[in-house]
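One is the number of the first residue; the rest follow in order along the sequence. All ligand and atom numbering here is 1-based and tracks the order in the structure.
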Amino acid sequence: MMNTMTNLFINYHLTLGNSLIAACIILIASISCYAIIHVKRSRRRMLMLKSFNQLPTLPLIGSVHLLAGNTRERVAKMLDILKTYELPLVAWLMHIPVVFIGKHSDIQTVMHQTTDKDLLGIFDRLFGGSLLVLQGEKWRRSRRVIFPAFSPAMMNQYFPVLNEYSALLTNKFESFCDTDEAFDISSCVFASNLNSTTVNMTGYELRSREKEDTDFLDAISKSLKMESMRFTFPLLFPKIIYEVYLFLSGSRKTYEVVYQLPQKIFRKNLTKYTINETYRENDQDTKTTDTRTLIDSLLKAHITSTDFTKEQVYAEILDIIIAGYETTSLTSCFVLLMLAMHPDVQEKVYDEIRTIYENKDQQVQIEDLKKLVYMEQCINETIRKFTVTPLTIRTHTEDIVLNDEQVIPAGCRIFVAFYAAHHDREFFPNADNWDPEHFAPEKSNHNRPSFFPFGAGVRSCIGAKYGMMSMKIQLVHLLRRYRLDTDMKMQDIHLVIDLLLRNDSGYWLKIYSRE
Ligand code: HEM
């Protein structure tokens with residue numbers, strides 16, 4: 001009996017011991033396989049990247065030191081690099097290789113071969129789970145949900161709100177009119193566009209809640225700055241370290257303010273939606289064309305599908321509002337500043353407006369937009385010179401062949417520099433000048449290939465039409481009432497980048513009545 005017990009005990013331990021040894025061997029073998037594959041892939045990647053121009057690198061930090069300095073200096077250095085080095089160019093963000101591309105043919109190749117976007121986890125706290133950062137099937141699904149809000153059939157419905165808010169902005173400028181005092185127009189323009197985008201996309205009125213909209217605008221501006229700082233402070237790359245930084249600096253509150261808006265919009269619309277939806281289901285006319293507003297599309301997706309969570313609805317609301325008002329406000333501010341600096345161009349735009357509108361209070365109609373040809377040249381030239389979305393990032397699982405000699409190996413981050421394409425002297429010989437003649441009808445066929453105002457490929461801007469029309473409506477309202485002047489010169493413009501490219505020194509205008 002004693003012997004049997006001892007045998008059982010020994011057998012048990014031998015089996016346990018053998019299993020443990022086997023598990024260890026499997027674990028070590030797996031880690032080794034993974035390491036070998038990883039090293040092989042890295043070596044292959046390194047070999048392939050050797051055919052590209054390289055930015056100088058230092059151990060551990062990569063090429064980040066080249067951008068040392070304050071925010072203005074960092075951007076000046078970055079734009080300098082894009083001008084000095086021939087693209088494509090390899091740089092290192094710590095141990096991560098990134099390939100900068102900027103030639104129009106390379107941009108087309110990359111943007112048509114991959115839709116996968118990888119912002120290295122930066123901006124996830126703001127846009128995580130939304131169209132702006134999603135990948136693969138999840139991205140395709142979100143795009144399908146959101147698309148109806150930007151379908152041609154919806155565009156006409158946005159006009160009354162865009163006209164109303166442009167008229168309100170014009171009236172707001174009245175208090176600065178004929179005073180000979182310059183004022184920075186950006187806060188008024190940003191607030192107006194935030195309001196009109198929010199009403200058109202979600203039906204939510206911020207207008208009567210002035211504090212809510214300034215708090216939101218401040219919080220967005222602060223959070224975009226904090227997130228983008230991570231690109232040049234590699235220490236803040238890991239999510240956990242960034243969270244600790246936010247906690248210690250007391251900045252978590254900023255994100256809470258940002259998220260209050262989509263949460264309120266969600267709550268307010270949910271009940272209304274159920275009633276409207278019952279109405280829609282019984283209404284045969286609305287079934288033929290899909291003309292849902294953004295919020296209706298999001299709520300429908302949320303109610304009919306368990307994995308379209310309310311957090312995703314918040315993220316999509318936020319992403320469309322921010323992508324909508326930030327880009328259009330910045331572009332409008334730059335256009336107004338450029339027109340103030342170039343009075344002859346301003347008069348030409350004014351003359352064009354006068355041929356379309358007999359009086360200064362006429363509403364802008366959808367059919368007017370294509371008549372504003374010269375104004376569109378000015379907008380295009382502004383987006384070219386001050387590319388508000390200067391850069392995007394793509395990643396890819398297959399090698400991408402750029403030309404006969406160069407192949408971007410799978411798994412690299414590709415920094416797509418629209419800014420570089422917009423300053424390519426083959427297409428824009430006076431690239432540093434602001435000159436709407438770059439887009440004169442007879443030249444635009446030649447320039448178009450190197451112009452990416454709204455990106456390229458299937459992942460291009462979903463709100464391009466809405467953005468262009470909202471800027472045109474706003475400019476008509478302002479320019480037919482006021483003449484713009486400024487003491488600012490081109491050399492007073494100091495560009496900085498967070499997600500977007502802005503002027504750090506503001507948009508200071510003096511305005512005078514046209515009457
Ligand atoms: C001057 C105005 C605008 C400019 C210059 C602009 C520029 C761009 C660019 C270049 C992209 C492509 C980014 C990439 O490839 O990674 C993009 C994407 C996007 N834009 Fe715009 N945009 C403008 C207005 C708008 C408006 C008004 C909205 C919405 C109301 C909007 C919503 C979006 C969204 C959601 C995406 C992501 C699309 C996707 O990933 O599928 N944009 N925009």
Closest protein heavy atom (residue, atom, distance) for atom 40 (O) of ligand 1:
Arg459 NE, 2.8 Å

Just which atoms of ligand 1 are under 4.0 Å from any heavy atom in Trp139?
39 (C), 40 (O), 41 (O)

Residue Tyr466 vicinity, atoms of ligand 1 by number, heavy atom under 4.0 Å
27 (C)

If you draw a 6.0 Å radius around NZ in Lys225, do more than 12 non-hydrogen atoms from other residues or ligands fall strictly inside?
no

Side-chain donor-acceptor pair under 3.5 Å between Asp435 and His342, yes or no?
no

Of all the non-hydrogen atoms in the protein, which one sits nearest to atom 15 (O) of ligand 1, and at what distance?
Arg394 NH2, 2.8 Å

Using a strict 4.0 Å cut-off to heavy atoms of Phe150, name the atoms of ligand 1 that fall inside it.
29 (C), 30 (C)

Here the atoms of ligand 1 under 4.0 Å from any heavy atom belonging to Thr331 are 1 (C)

Checking a contact table here: which protein heavy atom is nearest atom 37 (C) of ligand 1, and how many Å away?
Leu132 CD2, 3.5 Å

Would you give me the side-chain donor-acceptor pairs under 3.5 Å for residues 413-420, sequence neighbours excluded?
residue : atom : partner : partner atom : Å
Arg413  : NE   : Asp118  : OD2          : 2.8
Arg413  : NH2  : Asp118  : OD2          : 3.0

For ligand 1, which atoms, with element, lie under 4.0 Å from some heavy atom of Val388?
5 (C)

Of the backbone atoms (N, CA, C, O) and the side-chain heavy atoms from C-beta on, which set of Met111 has a member under 4.0 Å from an atom of ligand 1: side chain, backbone, both, or neither?
side chain

Does a side chain donor of either Ser142 or Gln312 reach within less than 3.5 Å of an acceptor in the other side chain?
yes

Closest protein heavy atom to atom 16 (O) of ligand 1, given as residue, atom name and distance to 0.1 Å
Thr392 OG1, 2.5 Å

Closest to atom 5 (C) of ligand 1 among protein heavy atoms sits Pro453 O, 3.4 Å

Using the ring centroid of each side chain, check whether Phe427 and His446 are separated by less than 6.0 Å.
yes

At less than 2.8 Å, how many protein N/O/S atoms surround atom 21 (Fe) of ligand 1? Leave waters out.
1

Under 4.0 Å from one or more heavy atoms of Ile320, ligand 1 contributes atoms 29 (C), 30 (C), 35 (C)

Tell me whether Met471 reaches ligand 1 (any heavy atom closer than 4.0 angstrom to a ligand atom).
yes

Can you tell me the protein heavy atom closest to atom 38 (C) of ligand 1 and the distance?
Arg143 NH1, 3.4 Å

When you compare the side chains of Asp351 and Tyr374, does any donor N or O come within less than 3.5 Å of an acceptor on the partner?
no

With distance as the sole criterion, is a donor-acceptor pair present between the side chains of Asp184 and Ser186 under 3.5 Å?
yes

Residue list, side-chain hydrogen bond (donor to acceptor under 3.5 Å, both in side chains) with Asp368, at least two apart or on another chain
Tyr357

Under 3.5 Å between some N or O of ligand 1 and some N or O of Asp319?
no

Could you check whether Phe439 and Phe451 have their ring centres less than 6.0 Å apart?
yes

Under a 3.5 Å threshold, yes or no: a donor from one side chain and an acceptor from the other, between Thr382 and Trp434?
yes

Of all residues at least two apart in sequence or in a different chain, which pass the side-chain hydrogen bond (donor to acceptor under 3.5 Å, both in side chains) check with Asp424?
none

Do the numbers put Arg125 on top of the ring of Tyr242, so that NZ or CZ is under 6.0 Å from the six-membered ring centre and no more than 45° off the axis?
no

Name the orientation class of the two ring planes belonging to Tyr158 and Tyr466 (parallel below 30°, tilted from 30 to 60°, perpendicular beyond 60°).
perpendicular

When the ring planes of Phe452 and His422 are compared, do they come out parallel, tilted or perpendicular, using 30° and 60° as the limits?
parallel

Hey, is Leu330 touching ligand 1 through its side chain, its backbone, both or neither, going by heavy atoms under 4.0 Å?
neither

Considering only non-hydrogen protein atoms, determine which one is nearest to atom 13 (C) of ligand 1 and report residue, atom name and distance to 0.1 Å.
Lys117 NZ, 4.0 Å

